[in-house]
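Data block below; observations after.
Both counts, for ligands and for their atoms, begin at 1 and track the order of listing.
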Amino acid sequence: MDQVYIRDVAKYIGQQITIKGWLYNKTDKGRLQFLMIRDGTGMIQVVAFKKEMTAEAFEAALAVTQESSLIVSGIVRQDERAAGGFELSLSDIQIVQLTQDYPITPKEHGIDFLMDNRHLWLRSRNQWAILRVRSAVIRAIRDYLDNNGFILMDTPILTPAACEGTTTLFETEYFGEKAYLTQSGQLYNEATIMAFGRTYCFGPAFRAEKSKTRRHLIEFWMVEPEMAYADLEECLRVEENLVSYIIQRTLEECAEELKILERDTSRLEGIVPPFPRISYTDAIAVLKEMGEELPWGEDFGAPHEVAIASRYDKPVFVHRYPAQCKAFYMETDPLDPQLSLSADLLAPEGYGEIIGGGQRTASLELLERRIAEQNLPREAFEWYLDLRRYGTVPHSGFGLGVERTVTFICGIHHIRETIPFPRTLGRIYP
Ligand code: 4AD
Ligand code: MG
């Protein structure tokens with residue numbers, strides 16, 4: 001008989017079906033064995049009742065161990081008490097492989113052990129839920145951009161120069177020359193927008209972050225939309241529309257996953273445009289009142305982001321940071337040359353920055369000066385300077401971190417669970 005996926009069992013009430021999967025766990029009640037079976041699409045309780053099956057099949061149900069692979073057949077029954085509302089009355093069971101001593105048992109394990117066994121940990125219910133949310137978030141991002149006039153432009157992974165400062169660069173070798181793993185595709189998409197208007201890249205970014213935090217990965221995924229003839233204001237509008245679209249789509253598509261994660265979804269439902277905005281300078285004053293004083297001109301650390309965001313139920317834009325705390329490409333605020341036309345989006349509930357972006361310098365002279373001031377290798381940026389020589393226009397863009405966004409939507413503590421195989425400080429296995 002053809003395989004039925006657990007997510008589709010509602011269509012088969014009262015019918016005999018076959019499910020192919022693995023044993024998640026088992027409860028032994030003597031003549032009744034309750035097998036929790038997962039198949040990748042979901043979980044279902046399978047009830048083995050000694051009276052209703054051959055002695056051989058019941059023996060197999062007794063013998064089967066955690067994470068054994070198996071094929072079961074039985075009749076689908078609606079049952080309010082069962083997780084998911086359905087169960088399968090087992091008639092036959094075939095063990096594909098009888099697993100011995102699966103390392104991750106239902107008892108508590110330490111995080112290092114779980115990370116060493118990440119290739120197996122992925123099978124656990126919460127990890128399953130988180131990574132399905134990740135997939136839904138990525139789908140929502142792509143749908144939003146593809147349907148709103150953005151063209152996908154894949155930018156290179158191997159690059160000759162830094163985009164986001166030299167301290168986190170991963171150096172490698174390129175036929176005898178120095179090269180770096182990309183920190184961001186932004187600079188390249190400042191070129192593609194002059195050909196296509198609105199573009200985005202969506203790929204991995206690499207940063208040798210030297211501090212261990214629950215918000216940083218060494219390899220993470222970022223979507224970076226870029227727009228010609230868009231100012232900071234327009235950029236923030238696109239950001240709030242995109243973020244609320246991602247959240248509302250995920251709420252629709254991942255209700256079951258968010259329930260598994262015990263996420264308080266009422267905190268996500270109200271996240272619709274417009275998002276609140278506060279200037280960096282006002283934020284500094286507010287921080288002082290809150291007892292998180294910071295000298296004007298310094299970049300926010302995690303405690304400052306958390307304090308500012310705690311004042312709002314929605315994500316909040318902090319805009320116009322001092323030019324000195326932002327990257328070389330930021331446009332200067334015409335009203336105050338000390339400020340940049342930049343903005344970060346801080347998630348509520350202490351999840352920190354999920355977007356960084358702003359308006360880019362349109363002026364050749366200013367850009368040349370910044371490159372010199374920051375000691376960046378001018379030769380590597382000649383092509384980038386060309387964009388200001390030949391038809392420069394006001395333009396803006398931003399980068400949204402997928403894993404930060406998923407951490408926030410799932411309401412989980414640490415970013416490492418939001419990517420199948422996390423790269424963190426000092427860990428590259430498995
Ligand atoms: O603020 P960042 O560094 O901005 C840029 O890279 C710009 N070039 C983006 C652009 O304008 N096109 O990074 C953008 C976002 C952050 O807000 C955060 O969500 C995520 O990328 N991010 C990280 N996520 C996980 N681990 C890290 N080490 C991250 N660094 C940045
Ligand atoms: Mg940033």
Side-chain angles (χ1 to χ4, degrees), residues 134 137 141 145 150 153 155 159 161-170 180-193 198-227 230 232 235-236 238-239 242-243 246 280 299-302 304-305 309 315-319 321-322 325-331 340-347 351-361 384 395-409 412 414-419 422-425 427:
R134 176 191 173 95
V137 163
I141 291 170
L145 294 171
F150 288 83
M153 284 289 140
T155 50
T159 63
C163 176
E164 295 297 324
T166 50
T167 56
T168 65
L169 276 178
F170 264 108
Y180 309 96
L181 298 184
T182 183
Q183 296 169 310
S184 158
Q186 176 197 321
L187 305 185
Y188 291 99
N189 273 343
E190 289 183 58
T192 66
I193 56 166
R198 291 187 171 206
T199 62
Y200 71 100
C201 57
F202 199 160
F206 304 86
R207 301 204 190 163
E209 309 274 4
K210 295 182 187 85
S211 58
K212 228 179 196 164
T213 81
R214 60 197 182 94
R215 301 273 169 264
H216 289 89
L217 292 167
I218 303 303
E219 185 179 308
F220 63 98
W221 284 66
M222 181 160 59
V223 62
E224 296 183 88
E226 194 70 26
M227 297 164 275
L232 178 63
C235 189
L236 301 192
V238 173
E239 290 180 36
L242 172 64
V243 168
I246 296 168
Y280 169 89
D299 203 0
F300 291 174
H304 310 108
E305 288 180 1
V316 54
F317 288 114
V318 179
H319 58 87
Y321 285 80
C325 43
K326 289 292 174 193
F328 73 97
Y329 51 70
M330 292 290 186
E331 185 63 288
S340 62
L341 292 178
S342 56
D344 284 356
L345 184 66
L346 310 181
Y351 285 95
E353 178 197 324
I354 55 173
I355 291 184
Q359 197 169 324
R360 325 303 192 186
T361 306
Y384 187 67
H395 63 288
S396 302
F398 61 95
L400 174 139
V402 167
E403 293 79 11
R404 295 254 183 108
T405 305
V406 174
T407 306
F408 159 54
I409 292 178
I412 58 176
H414 203 295
I415 196 170
R416 65 188 157 216
E417 293 180 38
T418 62
I419 185 163
R423 298 291 169 247
T424 53
L425 186 64
R427 173 180 286 280

Counting only nitrogen or oxygen atoms and a 3.5 angstrom limit, does Gln183 reach ligand 1?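 N/O-N/O distance under 3.5 Å: no.
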Contact (N/O only, under 3.5 Å) between His216 and ligand 1: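 No.
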Nearest-contact summary for [atom] - protein heavy atom, Å:
atom                    : result
atom 30 (N) of ligand 1 : Phe220 CZ, 3.4 Å
atom 18 (C) of ligand 1 : Arg404 NH1, 3.5 Å
atom 17 (O) of ligand 1 : Glu353 OE2, 2.6 Å
atom 11 (O) of ligand 1 : Arg360 NH2, 2.9 Å
atom 15 (C) of ligand 1 : Gly399 O, 3.6 Å

Among [options], which one puts a heavy atom closest to [atom]?
atom                    : options                        : answer
atom 13 (O) of ligand 1 : Glu224, Arg207, Glu164         : Arg207
atom 19 (O) of ligand 1 : Leu425, Ile415, Ile354         : Ile354
atom 26 (N) of ligand 1 : Leu217, Thr418, Ile218, Thr407 : Leu217

Within the distance-only criterion (no hydrogens, no angle test), does the side chain of [X] pair as donor or acceptor with the backbone N or O of [Y] below 3.5 angstrom?
X      : Y      : result
Arg134 : Val406 : no
Glu305 : Glu353 : yes
Gln183 : Cys163 : yes
Ser342 : Gly357 : no

Provide the closest heavy-atom pair for Gly358 versus Leu232 in the form atom of the first, atom of the second, distance.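 Residues Gly358 and Leu232, closest heavy atoms: CA-CD1, 3.9 Å.
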Would the Phe206 and Tyr180 ring centres measure less than 6.0 Å apart?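 Centroid distance Phe206-Tyr180: not below 6.0 Å, so no.
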Which of the ligand 1 atoms, numbered from 1, are nearer than 4.0 Å to a heavy atom of Ile355: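 Taking each heavy atom of Ile355 in turn, ligand 1 has 17 (O) under 4.0 Å.
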Enumerated ligand 1 atoms positioned under 4.0 Å from heavy atoms of Gly356: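 Taking each heavy atom of Gly356 in turn, ligand 1 has 1 (O), 9 (C), 10 (C), 11 (O), 17 (O) under 4.0 Å.
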Has Glu353 got an N/O/S atom less than 2.8 Å from the Mg ion (ligand 2)?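 It does; at least one qualifying atom falls short of 2.8 Å.
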State if [X] counts as touching ligand 1 under the rule of any non-hydrogen atom under 4.0 Å.
X      : answer
Arg215 : yes
Phe408 : no
Glu190 : no

Using a 6.0 Å cut-off, check whether atom NZ of Lys210 has over 12 heavy atoms from anything other than its own residue.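 For Lys210, atom NZ is crowded (more than 12 foreign heavy atoms under 6.0 Å).
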Side chain to side chain, Val137 and Trp221, heavy atoms closer than 4.5 Å: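 No - every pair of side-chain heavy atoms lies 4.5 Å or more apart.
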We want to know whether Ser184 and Glu224 form a side-chain donor-acceptor pair, criterion being a heavy-atom distance below 3.5 angstrom.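 There is such a pair between these side chains.
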Just checking, any donor-acceptor pair under 3.5 angstrom between side chains of Glu190 and Tyr329?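 The criterion, which ignores hydrogens and geometry beyond distance, is not satisfied for Tyr329 and Glu190.
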Between Tyr329 and ligand 1, find which residue part has any heavy-atom pair under 4.0 Å and reply side chain, backbone, both or neither.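 Looking at Tyr329 and ligand 1, just side chain atoms fall under 4.0 Å.
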Measuring from Ile409:CD1 to Ile246:CD1, what's the distance to the nearest 0.5 Å?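 Those atoms lie 6.5 Å apart.
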